[in-house]
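As structure tokens, the structure follows; a few thoughts come after it.
Throughout, a chain's letter reflects where its sequence line sits, starting with A, and its residues are numbered from 1.
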Amino acid sequence: MINRPKGTTDLFGEELKYWYFIEETFKKVTKLYNYREIRTPIFEATDLFLRGVGEETDIVQKQMYTFEDKGGRSLTLRPEGTAPVMRAYIENSFMKDGLPQKFSYIGPVFRYEKPQAGRMRQFYQFGVELIGSPYALADFEVIRLAIDILNTLNLHNYKLYIGNIGCKNCRPKYREALKDYYQPKLNQLCFDCQKRFNTNILRLLDCKNEKCKPFQKEAPNTFDYLCDDCRKHFDELILYLDELDINYELDGHLVRGLDYYTRTVFEIKHSSLGTQDTIIGGGRYDGLIEELGGKSTPSVGFAGGIERVVLALKNENVNVPKLPNCQVYIAVLNEKARMPAFKLSQNLRGRGLIVEIDLMKRNIRNQMKYANRLNTQYVVIIGEDEIERGVFTVRDMETGQQIEVDEKWIENYIVEKFEG
RNA sequence: GUGACUGUAGCUCAGCUGGCAGAGCGUCUGACUGUGGAUCAGAUGGUCGUGGGUUCAAAUCCCACCAGUCACCCCA
């Protein structure tokens, strides 16, 4: 037997009701904010991610599905959604339509990682990008939008964390402060952190090792090292959040895994999720477009993980819309009934009803059993008797009551049952 | 990439001091010849994850690999 690849899943049945709910909610809310959907390829030139996401990141170093096509081009299944949208923005000259440009996307992304709860190799993200505004107004809109999505999904047990990692001017100062702080403590840290001290010192801040945690509290805070412009930007965002009633927690140690972030970073975590608890993550990336060869353009956005939101919905026991059931089953008792049955099924479907008809040539008893399992609401029975007398038998599967309806009225009779 | 735990019927699992591969649920059929849900009966269903080893004999013991789950790492 051939199994699905590691870290992938088949989505079907009842599970999909969560997915439909999330996808529809995302589309509904982004539409209200006037974001336009963009669908980019699932694979891109490998260079896009090397330059966009950053050569030093874990994503690029060990998580990309990279392959060569028959023309010798190096391609990569997208490991995230932002770089492709920025590429499309540059390539299609969207700036010609004026700024800001606001895009939404939803689809699969791929990272070669060891699967665990809330982490798959092929997983699904929804996200938005707001391109062109350097102001905290834009950061605020994007955060407001993320919160609106979660609220519309009827989720409650989430928390917004706001950080600011500065810009290319002030971040080096902060990095230095961190080094000064950790240097004398180096031999008290875990092995990984001793390595990270040189490779990616920001990561020392969210190490979960018990040896390292005590030092994190006292570690320098990003907020204390912001330059004047970053400070102003930060204060402005906080003002909006405070005035417009968005609950958040400041996190001066919030760092993110992708290199392109500048200034505002944020994460929304759900309390029920265990270790993979970030359901939405985002921030500002003012240097990304320029890095990819476009004209320097500030941007901000976020991405959310659908699998994790599904878990959150389940854990919070949110009532999500049910999948539709079969509404009418047409039981066919002999071959003479076959044609009238087909005609009725087509007419009812034409009126918008979900109709199933016997395809297995089963006897009446087994057709009833099958209809019962479909959870269908009405069964129309057509047999020799009915054909001769020009009527159809309609059975209400809930009450068990049965009535004969003249064939002239059958269609309207059933349609009316589903109105009101 | 590292670690822990787990792989037996479609599903949930028992069998594990080595000795004929089992149960419940599901599915199909019948009791009920034109009527579902309840009940009863019968049937269907297995590469015991894969490969090797030990043994007269392996689902059971040993080794390797594969897969799943959770955690590390990292992130949505």
Side-chain angles (χ1 to χ4, degrees), chain A residues 1-9 22 53 56-63 78-82 106-127 146 158 190-193 195-196 199-200 202-203 206-210 254-258 265-270 273-283 301-312 329 331-334 337 360 362-387 393-402:
Chain A
M1 191 171 61
I2 298 172
N3 299 309
R4 61 179 183 265
K6 193 183 178 84
T8 64
T9 188
I22 294 165
V53 177
E56 297 308 312
T57 59
D58 270 29
I59 290 179
V60 167
Q61 296 263 317
K62 45 190 191 189
Q63 298 178 350
R78 63 179 179 207
E80 59 104 41
T82 297
I106 187 163
V109 295
F110 306 83
R111 289 182 201 168
Y112 191 89
E113 294 186 89
K114 196 133 175 182
Q116 69 186 72
R119 196 174 72 189
M120 302 292 283
R121 287 183 174 179
Q122 172 173 341
F123 62 105
Y124 292 76
Q125 286 190 334
F126 57 84
Y158 63 81
C190 74
F191 177 74
D192 285 329
C193 280
K195 261 193 338 200
R196 279 186 287 233
T199 56
N200 192 351
L202 294 180
R203 294 239 75 95
D206 62 355
C207 180
K208 279 142 196 145
N209 193 306
E210 291 304 323
L254 184 59
V255 292
R256 314 221 61 240
L258 291 77
V265 290
F266 65 94
E267 285 188 358
I268 300 175
K269 297 184 178 206
H270 195 269
L273 256 45
T275 36
Q276 312 296 323
D277 60 352
T278 301
I279 52 177
I280 288 178
F302 69 74
I306 296 186
E307 286 82 355
R308 291 184 187 176
V309 176
V310 169
L311 290 173
Y329 177 89
V332 182
L333 300 197
N334 70 20
M360 301 296 284
R362 280 193 257 242
N363 64 28
I364 174 76
R365 181 181 156 70
N366 288 327
Q367 288 193 59
M368 294 304 287
K369 275 192 170 186
Y370 180 66
N372 183 57
R373 204 174 52 243
L374 290 176
N375 229 337
T376 190
Q377 293 162 67
Y378 293 93
V379 172
V380 178
I381 298 162
I382 314 176
E384 203 163 4
D385 218 32
E386 282 82 359
I387 298 285
T393 299
V394 179
R395 183 180 180 87
D396 181 328
M397 292 297 275
E398 204 159 324
T399 63
Q401 279 175 351
Q402 221 162 275

Side chains of A/R395 and A/M368: does their closest heavy-atom pair fall under 4.5 Å?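 A side-chain contact under 4.5 Å exists here.
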Under a 3.5 Å cut-off for both distances, is B/A23 Watson-Crick or wobble paired, and to whom?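 Per the H-bond distance test, B/U12.
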How would you label the contact of [X] with the nucleic acid (heavy atoms, under 4.0 Å): base, sugar-phosphate, or nothing?
X	result
A/G282	nothing
A/E386	base
A/I59	nothing
A/E384	base
A/M120	base
A/A303	sugar-phosphate
A/G383	base
A/K6	sugar-phosphate
A/G400	base
A/L333	base
A/R362	sugar-phosphate
A/R373	sugar-phosphate

Taking the side chain of [X] as its heavy atoms from C-beta onward, which of [options] lies nearest to it?
X	options	result
A/K114	B/G34, B/G3, B/A76	B/G3
A/T275	B/U35, B/C72, B/C75	B/C72
A/R111	B/C75, B/G36, B/C72	B/C75
A/P115	B/G36, B/U69, B/C74	B/U69
A/F123	B/G34, B/G36, B/A76	B/A76
A/M368	B/G34, B/C73, B/G36	B/G36

Residues that [X] engages under side chain to side chain contact (heavy atoms under 4.5 Å, CB included), provided they are two or more places apart:
X	value
A/I106	A/E23, A/F26, A/E37, A/F126, A/I306
A/T57	A/V53, A/I59, A/V60, A/D259
A/N372	A/M397

B/C74 P sits how many Å from A/E80 CD, rounded?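 So the two atoms are 18 Å apart, to the nearest Å.
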Can you give the donor-acceptor pairs under 3.5 Å from side chains of residues 113-121 of chain A to other protein atoms, not counting sequence neighbours?
residue : atom : partner : partner atom : Å
A/E113  : OE1  : A/Q63   : NE2          : 3.1
A/Q116  : OE1  : A/R119  : NH2          : 3.3
A/R119  : NE   : A/K114  : O            : 3.0
A/R119  : NH2  : A/K114  : O            : 2.4
A/R121  : NE   : A/E113  : O            : 2.7
A/R121  : NH2  : A/E113  : O            : 3.3

Intermediate values then yes/no, side chain to side chain donor-acceptor pair (under 3.5 Å), A/T393 and A/Q402: CA-CA 7 Å; A/T393 299; A/Q402 221 162 275; 5.1 Å; no
Can you name the residues that form a side-chain hydrogen bond (donor to acceptor under 3.5 Å, both in side chains) with A/Y370, not counting sequence neighbours?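 Partners of A/Y370 by the side-chain hydrogen bond (donor to acceptor under 3.5 Å, both in side chains) criterion, ordered by chain and then number, come out as A/E356.
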Output one line per pair: protein atom, nucleotide atom from nucleotides 30-33 of chain B, and distance, for all N/O pairs under 3.5 Å.
residue : atom : partner : partner atom : Å
B/G30   : OP2  : A/N366  : ND2          : 3.3
B/A31   : N6   : A/R365  : NH2          : 3.2
B/C32   : O2   : A/R365  : NH1          : 2.9

Hey, does the side-chain of A/R308 have a donor or acceptor N/O within less than 3.5 Å of a partner on the base of B/C75?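 It does, because a donor-acceptor pair links the side chain of A/R308 to the base of B/C75 below 3.5 Å.
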For B/U35, does either OP1 or OP2 sit under 4.0 Å from a side-chain N or O belonging to A/Q367?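 No, because none of the side-chain N or O atoms of A/Q367 sits under 4.0 Å from OP1 or OP2 of B/U35.
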With respect to the phosphate group of B/C75, does any side-chain polar atom (N or O) of A/Q276 fall under 4.0 Å of OP1 or OP2?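 No, outside the criterion.
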